[in-house]
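Comments concern the structure below.
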Amino acid sequence: MKWALMRLLMRTVGRTSRGIRIGYRHGFDSGTMLDYVYVNKAHGRPLDRIYLNSVGWRAIRARRDLLKEVIRDEVSARAGRALILDVAAGPGRYLQDVAREQPEAEVVCRDLAADGLRLGRELAKERGLANIRYERGDAFDPEPLDRPADIIVVSGLYELILDDETIRKSLARLRDLLAHDGVLIFTTQTRHPQLEFIANVLPNRDGRLWVMKCRSAEQLHTWAVEAGYADVVSRREKVGLFTVTTATQRPECMTMDACRHD
């Protein structure tokens with residue numbers, strides 16, 4: 001009864017918040033929803049600001065900031081000339097920031113959600129960005145690019161996957177798309193204080209309740225090493241719900257002892 005009442009309140013009073021309306025239209029886990037959270041501009045009634053200030057969304061924005069920092073460092077290490085692939089990008093607003101700062105970089109944003117891709121294309125056109133493109137693609141069955149990617153990004157995806165083996169297979173598959181010195185950058189949700197509320201109240205992009213699975217950074221480290229990555233290093237965003245991990249393409253590094261962990 002408690003969760004039924006919360007669902008009723010969210011679908012009625014909650015809809016005075018533009019962010020909550022977007023969540024019900026596109027899914028609270030959708031790229032369109034995250035793009036609204038990234039912009040972080042409340043519209044109308046005070047409830048929208050309360051919604052945008054929830055701990056989960058504050059952590060998402062902190063994760064975004066850390067991701068941008070990590071990607072910038074990797075692009076700079078390649079003198080600005082890097083091919084970046086995000087396999088589940090949504091509108092990819094933060095990747096557009098990187099593309100604008102690094103005009104010699106090439107950014108490819110893939111997603112299955114047409115709304116997110118359309119929003120990304122429109123935003124890129126408004127910003128005059130010629131070095132970023134959007135295309136439909138399945139994160140778990142990715143097509144190769146014209147050449148191996150220097151940087152592959154997986155952000156906000158693995159916590160949506162309940163089956164561990166799917167993530168392990170994804171790590172191995174993405175390694176096949178990397179250049180010999182390429183790097184995989186992925187995020188992990190290690191905890192969330194509102195996990196039960198979300199799983200019982202908020203719908204995802206498929207119209208089902210949004211169930212997430214938290215995992216330790218150490219667990220993902222182990223899987224990355226087993227998939228053949230080395231120099232697996234994680235950093236935690238300032239709110240403390242997510243880590244951002246880098247894992248390099250190093251075929252000779254196949255055991256935990258050969259890799260560095262943080």
Side-chain angles (χ1 to χ4, degrees), residues 30-32 34-35 38-39 60-61 63-158 170-187 224 227-233 235 244-251:
S30 68
T32 303
L34 292 189
D35 190 70
Y38 287 156
V39 174
I60 288 288
R61 289 191 291 271
R63 184 186 72 185
R64 183 262 327 263
D65 294 341
L66 181 54
L67 265 171
K68 286 171 62 174
E69 180 182 340
V70 171
I71 294 171
R72 286 188 187 113
D73 289 345
E74 292 295 337
V75 174
S76 297
R78 293 163 173 80
R81 295 181 293 274
L83 175 58
I84 305 169
L85 169 65
D86 190 318
V87 298
R93 185 180 292 267
Y94 72 92
L95 290 168
Q96 291 189 13
D97 294 340
V98 174
R100 183 175 57 182
E101 297 164 3
Q102 302 283 353
E104 293 189 35
E106 180 183 357
V107 182
V108 180
C109 295
R110 288 180 177 171
D111 206 289
L112 288 175
D115 288 339
L117 294 173
R118 181 172 60 252
L119 178 59
R121 291 189 188 104
E122 293 172 354
L123 182 61
K125 184 177 180 181
E126 290 175 6
R127 302 175 78 178
L129 298 173
N131 59 332
I132 186 169
R133 71 177 189 267
Y134 290 81
E135 55 190 42
R136 193 175 188 277
D138 186 340
F140 296 105
D141 188 21
E143 293 291 330
L145 297 169
D146 295 337
R147 64 180 177 87
D150 300 297
I151 301 167
I152 294 180
V153 181
V154 186
S155 175
L157 178 63
Y158 287 158
S170 171
L171 292 168
R173 179 70 183 95
L174 293 175
R175 180 171 168 265
D176 293 338
L177 304 184
L178 278 173
H180 73 279
D181 60 346
V183 62
L184 174 67
I185 303 173
F186 62 88
T187 65
Y229 296 92
D231 298 320
V232 184
V233 179
R235 296 167 60 185
V244 175
T245 301
T246 56
T248 59
Q249 169 74 293
R250 290 272 298 278

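Sequence positions, counted from 1, serve as the residue numbers for this chain.
Checked for salt-bridge contact, Arg235 and Glu69 meet the test: a charged N lies under 4.0 Å from a carboxylate O. A salt bridge does not link Arg136 with Asp111: none of the charged nitrogens is closer than 4.0 Å to a carboxylate oxygen. Comment: Asp73 does not engage Lys68 in a salt bridge, judged by the lack of any side-chain N to carboxylate O separation of less than 4.0 angstrom. A salt bridge links Glu135 with Arg133: the distance from a Lys NZ or Arg NE/NH1/NH2 to an Asp or Glu carboxylate oxygen falls below 4.0 Å.
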>> The test is side-chain contact (heavy atoms from CB on, under 4.5 Å); show your working for Asp231 and Gln249 and say whether it passes.
In response: CA-CA 9 Å; Asp231 298 320; Gln249 169 74 293; over 6 Å; no
>> One pair to check against side-chain contact (heavy atoms from CB on, under 4.5 Å): Arg93 and Val39. What are the steps and the verdict?
In response: CA-CA 9 Å; Arg93 185 180 292 267; Val39 174; 3.4 Å; yes
>> Checking Ile84 against Val108 for the side-chain contact (heavy atoms from CB on, under 4.5 Å) test, could you report, in this order, the C-alpha distance in whole Å, the side-chain angles of both residues, the deciding distance, and whether it holds?
In response: CA-CA 6 Å; Ile84 305 169; Val108 180; over 6 Å; no
>> side-chain contact (heavy atoms from CB on, under 4.5 Å), that's the test. Do Phe140 and Leu157 meet it? Break it down for me.
In response: CA-CA 10 Å; Phe140 296 105; Leu157 178 63; 3.7 Å; yes
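To the nearest 0.5 angstrom, Ser170 atom OG is 9.0 Å from Ile152 atom CD1. Atom CG of Leu95 sits about 10.0 Å away from atom CG of Leu85, to the nearest 0.5 Å. Rounded to the nearest 0.5 angstrom, Glu122 CD and Glu126 CD are separated by 7.0 Å. One distance of note links CZ of Arg100 with CG of Asn131; it measures 11.5 Å at 0.5 Å rounding. Interatomic distance, CG of Asp86 versus CZ of Arg110, reported as 10.5 Å (0.5 Å rounding). We find the CD1-CG distance between Ile185 and Leu174 to be 12.5 Å, quoted to the nearest 0.5 Å.
Annotation for Asp181 and Arg78: closest pair O-NH2, 2.9 Å, computed over non-hydrogen atoms. Closest approach of Ala99 to Val107, counting heavy atoms only: CB-CG2, 4.0 Å. Between Pro142 and Arg173, the shortest heavy-atom contact is O-NH2, 2.9 Å. Closest approach of Ile151 to Ile71, counting heavy atoms only: CD1-O, 4.4 Å. Asp150 approaches Arg81 most closely through the heavy-atom pair OD2-O, 4.2 Å. Scanning all heavy atoms of the two residues, the minimum distance from Ala139 to Ala88 falls at CB-CB, 4.3 Å.
Using the six-membered ring where Trp is involved, Tyr94 and Tyr38 have ring planes that are perpendicular, over 60° apart on the 30 and 60° scheme.
Just one residue in the list Leu123, Leu117, Leu119 forms a side-chain contact (heavy atoms from CB on, under 4.5 Å) with Tyr134, and that residue is Leu117. For the side-chain contact (heavy atoms from CB on, under 4.5 Å) with Tyr229, the lone residue among Thr248, Thr246, Leu171 that qualifies is Leu171.
Gln102 places no side-chain N or O within 3.5 Å of a backbone atom of Asp97 that could act as its donor or acceptor partner. Thr187 places a side-chain N or O within 3.5 Å of a backbone atom of Gly156 that can act as its donor or acceptor partner.
In this structure, Cys109 and Ile132 have side chains that are in contact, with non-hydrogen atoms separated by less than 4.5 Å. Looking at Pro144 and Leu177, their side chains come closer than 4.5 Å, going by heavy atoms from C-beta outward.
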